There are 2 protein chains.
Amino acid sequence: MITTSFTEENYLKAIFHLSPQEAEAVSTNAIAEALQTKAASVTDMLKKLADKNLINYVKYQGVTLTHNGRQAAIGIIRKHRLWEVFLVDKLNFKWDEVHELAEDLEHINSAKLIDSLEAFLGFPKVDPHGDPIPDKNGVLKEPILVPVSKMNINQTGIISGVKEHSTLFLNYLEKTGLVLGKRVKVQDLIEFDGSVIIALDKQVLTISRDVAKNILIAV
Amino acid sequence: MITTSFTEENYLKAIFHLSPQEAEAVSTNAIAEALQTKAASVTDMLKKLADKNLINYVKYQGVTLTHNGRQAAIGIIRKHRLWEVFLVDKLNFKWDEVHELAEDLEHINSAKLIDSLEAFLGFPKVDPHGDPIPDKNGVLKEPILVPVSKMNINQTGIISGVKEHSTLFLNYLEKTGLVLGKRVKVQDLIEFDGSVIIALDKQVLTISRDVAKNILIAV
DNA sequence: TTTATTTTTTAGGCTAACCTAAAAAAATTA
DNA sequence: TAATTTTTTTAGGTTAGCCTAAAAAATAAA
Ligand SMILES: [Mn+2]
Ligand SMILES: [Mn+2]
Ligand SMILES: [Mn+2]
Ligand SMILES: [Mn+2]
């Protein structure tokens, strides 16, 4: 078994999130940006991860995850999301309070712990933000969700996920009633600034392009 | 607020455990032994902890915890023991499987998390090994327990704690039925090798000096 | 296709936490 | 008290993960 450090795990997770369908290579700068570090530091780490066969790295051409790297990343994401469910379902945290804590808890390394936790939580399928939880074999099925910004006029759907996990954003959603499970209908798209006018149960409200891009809908 | 690293926290906890009633100074070598490291490394760290006002350190004279250091240590012990209760009560771990995992979990830093966990667990007073859990204000009341090795012939009492947390030891206790809550009576003390003959419900068994020293009794 | 800009890598340094070997102080023994 | 042993500290090095500044490669603009 390859053993990975706290820092290495964060790099793997960042690379995973930056290449969702593993479509194309992730750039050094993109990783630096995501991890709030410097490009030179990223290059150092990429060499190390390549030595461990966790990424495919060719100088100046960015990186992709190897099979091992991808499985490692999915394992960390599994832990992250299960801990988030625990915090919300069992300890009464709000969905906007759990992300930072899960960033630490995800590095606790015990298969028995995480499998027991999963059972204790009743094998949840998604985390508090609607993100799918990989199973213990590392199988992750991404649901097909579209951001509000890509919906058409008069199209309806259920809020089923968010792209952004910050407290600031989730708090705003909470306050405006844009929570998971809510049915929304697009009434109008303002071409000028990309904002969207949506209808909920009773009310109608306008959200900015930035907000519309980060709310995910099952249509 | 003073922020402490993973490693610093382990040093503080080790010093705390080595000077229970803060009676006397803890030696460099004792700390090295407890943390499986070298005396030279300990000296390095002692200087750092002294700079942070967490210990009183005089060259060649060992260390004691300051008020801050003691409170920090108790905070970590609180987390350690609450996580152990969680693992046993909620995730069905055995009492001999939780210590190592708690060594990691105790460094997760969130007052809200640990206070919520405590409430979720129903404010337990002791952990799975009978050790008392400090309250959120850092008050820790040690029960008065005596090791079997210090009991007199015909004296009885209830097994209420263990000094050693290793899987090997706890497993042995489990197998011989020497678990928390069990009533025991000392039948005989063998002066030759310090072993002790004890009576349980039905059976009578002999335990070695080493075992007798590590089982704690409320008399 | 040269020139300029951007991205990435290399070079050289820093800090935390460790190590071994040697020096210094304290404690023991003779 | 002097000699020996044990404990502790200092000196000097290592590694992981980070940094800045400079060099090299890739990309875009002229
Ligand atoms: Mn999250
Ligand atoms: Mn989440
Ligand atoms: Mn323990
Ligand atoms: Mn315990």
Side-chain angles (χ1 to χ4, degrees), chain A residues 1-15 18-19 23-65 69 72-73 76 103-104 106-109, chain B residues 1-15 18-19 23-65 69 72-73 76 103-104 106-109:
Chain A
M1 234 263 125
I2 329 108
T3 152
T4 46
S5 73
F6 186 100
T7 308
E8 288 167 342
E9 292 184 353
N10 283 337
Y11 273 85
L12 292 174
K13 199 166 51 112
I15 295 165
L18 287 168
S19 62
E24 59 201 301
V26 176
S27 76
T28 301
N29 263 357
I31 298 168
E33 159 83 36
L35 294 177
Q36 299 273 64
T37 182
K38 295 299 151 79
S41 307
V42 173
T43 301
D44 281 353
M45 181 58 85
L46 295 184
K47 288 176 188 164
K48 206 157 51 116
L49 293 175
D51 285 348
K52 289 190 170 189
N53 281 307
L54 294 167
I55 61 172
N56 306 113
Y57 171 51
V58 185
K59 260 195 200 177
Y60 293 104
Q61 282 171 229
V63 296
T64 55
L65 293 171
I76 300 153
E103 288 292 319
D104 289 339
E106 71 189 5
H107 302 290
I108 297 289
N109 204 5
Chain B
M1 235 260 125
I2 327 107
T3 153
T4 47
S5 73
F6 186 99
T7 308
E8 288 168 343
E9 292 183 355
N10 283 337
Y11 272 85
L12 292 174
K13 199 166 53 112
I15 295 166
L18 288 168
S19 63
E24 59 200 302
V26 176
S27 77
T28 300
N29 263 355
I31 297 168
E33 159 85 36
L35 294 177
Q36 299 272 65
T37 183
K38 295 298 151 78
S41 307
V42 174
T43 301
D44 280 354
M45 181 58 87
L46 295 184
K47 288 176 187 164
K48 205 157 52 117
L49 293 174
D51 284 347
K52 289 190 173 190
N53 282 306
L54 293 168
I55 61 172
N56 305 113
Y57 171 52
V58 184
K59 258 194 201 179
Y60 293 103
Q61 281 170 231
V63 296
T64 55
L65 293 171
I76 300 152
E103 287 292 319
D104 289 338
E106 72 189 4
H107 302 289
I108 297 288
N109 204 5

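Quantities reported herein were computed from a predicted structural model and do not represent experimental measurements. We name chains A, B, ... by the order of the sequence lines, and we start the count at 1 in each one.
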* **Atom-pair distance (CG on N10(B); C1' on dA16(C)), nearest Å** => 14 Å
* Structure fact -> salt bridge (Lys or Arg N to Asp or Glu O under 4.0 Å) filter on E9(A), not counting sequence neighbours, yields none
* Hey, does Y11(B) reach any base, or is it just sugar-phosphate, or nothing, if we go heavy atoms under 4.0 Å? -> sugar-phosphate
* Asked: Taking CZ from F6(A) and C1' from dC18(D), how many angstroms apart are they, rounded to a whole number?
  -> 15 Å
* To do: Please state whether the phosphate of dT10(C), meaning OP1 or OP2, lies under 4.0 angstrom from any side-chain nitrogen or oxygen of K59(A).
  => yes
* To do: Give me the residues of residues 49-57 of chain B where at least one heavy atom lies under 4.0 Å from an atom of DNA chain C, by number, or none.
  => none
* Structure fact -> Given the options V63(A), T4(A), L65(A), L54(A) meets side-chain contact (heavy atoms from CB on, under 4.5 Å) only with T4(A)
* To do: Can you tell me the distance, in whole Å, between the CG atom of L46(A) and the P atom of dT9(C)?
  => 7 Å
* Asked: Can you tell me if the side-chain N/O atoms of Y60(B) get under 4.0 Å from OP1 or OP2 in dT10(D)?
  -> no
* **Under 4.0 angstrom between N29(B) side-chain N/O and dT6(D) OP1 or OP2** => no
* For K38(A), all residues meeting side chain to side chain contact (heavy atoms under 4.5 Å, CB included), sequence neighbours excluded -> S41(A)
* What do the steps show when you test Y57(A) against T43(A) for side chain to side chain contact (heavy atoms under 4.5 Å, CB included), and what is the final call? -> CA-CA 10 Å; Y57(A) 171 51; T43(A) 301; 3.8 Å; yes
* Give me the residues of residues 31-45 of chain A where at least one heavy atom lies under 4.0 Å from an atom of DNA chain C, by number, or none. => A39(A), A40(A), T43(A)
* So how far is it from I15(B) CD1 to L46(B) CG, rounded to the nearest 0.5 Å? -> 6.0 Å
* Can you find a heavy atom in the side chain of I31(B) that is under 4.5 Å from one in the side chain of V26(B)? -> yes
* Asked: If only side-chain N and O atoms of S27(B) are considered, is one of them under 4.0 Å from the OP1 or OP2 phosphate oxygen of dT7(D)?
  -> no
* To do: Apply side chain to side chain contact (heavy atoms under 4.5 Å, CB included) to D44(A) and list each qualifying residue two or more places apart in sequence or on a separate chain.
  => none
* Kindly write out the residues that satisfy side chain to side chain contact (heavy atoms under 4.5 Å, CB included) with A25(B), not counting sequence neighbours, or none if the list is empty. => T64(B)
* Structure fact -> In this structure, CD of E103(A) is separated from CG of N10(A) (nearest 0.5 Å) by 6.5 Å
